Amino acid sequence: MTGGLQGPRPEERPRPAGRRNSQGFRIDPEVEATHDPRRTVISALVKHEPGVLAEASGLFSRRQFNIESLTVGPTEDESQARITMVVEEPDPGIDQIKKQLRKLIPVISVRELASDAMCRELALVKVTADDPAAVAAVADMYDAKTVDSSPETATFEITGARQKIEAAIETFSQFGIREVSRTGTTALARGTDVTGEPLTATESATEHPPEGYTADDD
Amino acid sequence: MSERATPVTQPDEQSTATDDSEASADTGHRPVTTGAEAVVRALENAGVEYAFGVQGGAIMPVYDALYDSDIRHVTMAHEQGASHAADAYGIVSGEPGVCLATSGPGATNLVTGLADADMDSDPMIALTGQVPTAFVGNDAFQETDTTGVTTPVTKNNTFSSDPDRVGSDVSEAFALAREGRPGPTLVDLPKDITNAETDREPDEPKTPDTYHVQERADEEIVEAAAERIENAERPVMLLGGGVIKGEASEACREFAIEHEIPVITTMPGTGAFPEDHELSLEGAGMHGTGYANMAITLCDTLIGVGTRFDDRLTGGIDSFAPDAEVIHVDIDPAEISKNIYADYPLVGDAATVVSQLADAVESSPQAKKWRAQCQQWKTEYPMDYETPEDEPLKPEFVVEAVDEATSDRAIVTTGVGQHQMWAWQYWTYTEPRTWVSSHGLGTMGYGLPAAIGARLAADDDQEVICFDGDGSFLMTIQGLSVAVRENMDITFVVLNNEYVGMVRQWQDAFFEGRHSASEYSWCPEFDKLAEAFGANGFRIDDYDEVADVIEAALEYDGPSVIDAHIDPHANVYPMVPSGGDNGQFALTEDQL
Ligand SMILES: Cc1ncc(C[n+]2csc(CCOP(=O)(O)OP(=O)(O)O)c2C)c(N)n1
Ligand SMILES: [Mg+2]
């Protein structure tokens, strides 16, 4: 082989003192610093037009964002839809999700909801109803509504936060679960707090939070 | 094909037609009567001068409307070429390049160029024909889900579904391609929509109301960053492609010179700062100079402007500028802290934010020692090479010889591989928009069609040189017919090593020299092939032929191809292997 250049060899060169972690943060070389993933709810107000959901979900798979659930539905304004995502990522990942979503042209606004946001999910749980009384008692415990019953099965509708749904399914499982269908979490911010900034003429990029903030500031 | 082109009027007949009383008062154009005419009107309103494309069934209505337009359509030999030509036109002119293709294979042939433009944030707009709306979803002849296929590789795309809106869809796509962080946009045009009657003139090019661009950075962070710069002991400016796209080269140049801060450019940032200036350390990263890689590794303050800290630049993240506080200026908030955490995140337009910084910095950093160190690295790690007469031709020599024979404003385009790196390393770039290459996607075959786009965007007195590899040249060589037909003054220099050399270099370094599928001695003789196309063909084997051939090729008013047979074993150095430590760059193979 030919080619090659003159100069001090790698081991003869001065080296920096520090290093960075895999997320690009400067870290103390002595300590292994990583960011732990956390679960949070991100709500995006989008234009109600074809392809928006495909674009958003394509973004998540392409960038390998860890999405636990994603729901979409109409809002008070028929030209807009709301996408609610439960994600589990370290802070830099959450930051990226929000920023990448904001770049999609049909996306009007994106925010991470506070931890006290109202989060609800609906589940349909179909169980074997060999012991109707016992099944009914469990349904009562979780405020579950009977939607359908047959000689062999009973199907309940349960709404609530994710934990409640999971607890209910867990308890129902003693009867034998036939099928479960869950909607995924939908959410709104509490009180006068606004979930999604609607489109206004004065809205500008300053709506975007300053960079370098942590997602918890939202 | 089932339908025939509508008979069309000749351009000169049409010019009398525009004198009609029918001409619309403000534009001097004939009024719009169809969707296709609205599409073309939108391009005209946006000031489009050239469009690159290939005809086909679903796009025929648009071509028919183009026939009456002053826009010059350049028929390409392949849609991929159309996309790269449009991309390069966008790089050199700063205005979105336009490409057209029919549905199905025409549209899929554009995908490489769209992905390339998307990676490099080049302004470009693609118009694709689509089967009539009623057939969409039925797997009709030449139907492809073009918006589906191109969503991940465009800044935005639109399926036009309303003849009254189709012109405005194109206007909007044009505005989106250009504003904020530029990128490729696509409008999919079903044939029934372009054929439909409409008298709706397109709206002015305007981005949608959901699109926001922040121009100025947060003043508090600017102040903090300025203080950091004032106190820096080892500052470096890192200028990326965003500096050129944001027309911030001048502002960065002034800032660096005023405060005597050494400057590194990323590969897309090449030309943002004159490489012959003493503050220039040229490019860093995988094949950057030793001095740039030393400086970027050991700096304590890194001012990155319009760069996305791509992995070819950073090498391994753990060892990238690990002692540096990072000031990151970018118009795209998502680039901030994506790869490298920004201690001072400055979202905004590059030129605006650099002038904010210039206003805020009150005293220059005390970095005399650091500058001396950078100069010393320049002497320690020179980019020298030897040219023994009895050995095969060195590629570096050819690059430098062409540089010497051309003006400072000459434009260089490249394919992808070793030749691209030599063209980057050994040419002295002093002006923005003179380096036109495929960075993020690394598309072999980019160079030839890019030279066609660059030629049309360049001033007449700017030479256009394409340095290509034998493998890359072969990938899009059909475009040579276009350069011949249009008698374009372009000099193609094939640095012919009879290998896909970059692969061969990696095989030697990392695969025990097993040359699996990398040997290319089967390529045609490019000088003869050039002659067959109607271009001027030359061949160089020896040093003593170099100067004369280059002179003759440059003198020729039309396309020339120089098939320069170089040392087949020449390698590119310095080299930082993928994910490696920039400061530990290899100068020879045994250091890898
Ligand atoms: C379209 C495409 N296919 C494959 C590659 C992988 N690749 C990268 S560099 C290279 C070698 C290019 O050979 P050539 O154009 O002769 O340039 P050289 O390295 O020899 O100068 C190849 C095959 C690529 N970058 N692009
Ligand atoms: Mg080669």
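None of these values were measured; they are calculated from a predicted model. Lettering follows sequence order; numbering is per chain, from 1.
Of the two parts of B/Pro208, only the side chain, counted from C-beta on, holds a non-hydrogen atom closer than 4.5 Å to a non-hydrogen atom of chain A. Contact of B/Pro392 with chain A is not made at all, since no heavy-atom distance falls under 4.5 Å. For B/Asp323, the parts sitting under 4.5 Å from any heavy atom of chain A are the backbone and the side chain alike. Within the 4.5 angstrom heavy-atom criterion, atoms from both the backbone and the side chain of B/Glu325 approach chain A.
Nearest approach of A/Asn21 to B/Ile317, heavy atoms of both residues: O-CG2, 3.4 Å. Minimum interatomic distance between A/Gln96 and B/Ala334 (heavy atoms only, all atoms of both residues): NE2-O, 2.6 Å.
A/Arg20 places a side-chain N or O within donor-acceptor distance of the main-chain N or O of B/Ala321, the cut-off being under 3.5 Å. B/Asn156 places no side-chain N or O within 3.5 Å of a backbone atom of A/Ile105 that could act as its donor or acceptor partner. Although no hydrogens or angles enter the test, the distance criterion places a donor-acceptor pair under 3.5 Å between the side chain of A/Lys99 and the main chain of B/Ile336. With hydrogens and angles disregarded, no donor-acceptor distance shorter than 3.5 Å links the side chain of B/Asp318 to the backbone of A/Arg19.
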- [ ] Please assess B/His212 against A/Arg102 for the test side chain to side chain contact (heavy atoms under 4.5 Å, CB included), listing each intermediate value before the final yes or no.
- [x] CA-CA 9 Å; B/His212 313 289; A/Arg102 282 190 189 111; over 6 Å; no
TODO: Given side chain to side chain contact (heavy atoms under 4.5 Å, CB included), test A/Leu5 with B/Met383 step by step and report yes or no.
DONE: CA-CA 7 Å; A/Leu5 297 165; B/Met383 295 295 287; 4.0 Å; yes
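Of the inter-residue distances, the one linking A/Lys103 atom NZ with B/Thr210 atom OG1 reads 14.0 Å to the nearest 0.5 angstrom. Atom OG1 of B/Thr379 sits about 13.0 Å away from atom CD of A/Gln6, to the nearest 0.5 Å.
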Expected list for residues 43-55 of chain A: side-chain donor-acceptor pairs under 3.5 angstrom, two or more places apart:
{"residue": "A/Lys47", "atom": "NZ", "partner": "B/Asp209", "partner atom": "OD1", "Å": "3.0"}

Distance-only criterion, 3.5 Å: show the donor-acceptor pairs between side-chain atoms of residues 75-83 of chain A and protein atoms not counting sequence neighbours.
{"residue": "A/Thr75", "atom": "OG1", "partner": "A/Asp77", "partner atom": "N", "Å": "3.2"}
{"residue": "A/Thr75", "atom": "OG1", "partner": "A/Asp77", "partner atom": "O", "Å": "3.0"}
{"residue": "A/Thr75", "atom": "OG1", "partner": "A/Gln80", "partner atom": "O", "Å": "3.2"}
{"residue": "A/Asp77", "atom": "OD1", "partner": "A/Ser79", "partner atom": "N", "Å": "2.8"}
{"residue": "A/Asp77", "atom": "OD1", "partner": "A/Ser79", "partner atom": "OG", "Å": "2.8"}

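Contact residues of residues 8-16 of chain A toward chain B are A/Pro8, A/Arg9, A/Pro10, A/Glu11, A/Arg13, A/Pro14, A/Arg15, A/Pro16 (heavy-atom distance under 4.5 Å).
Remark: B/Phe511 engages no residue in a ring-ring contact (aromatic ring centres under 6.0 Å, His included) (not counting sequence neighbours).
Salt-bridge annotation for A/Asp95 and B/Lys338: absent, with no side-chain N of the basic residue lying under 4.0 Å from a carboxylate O of the acidic one.
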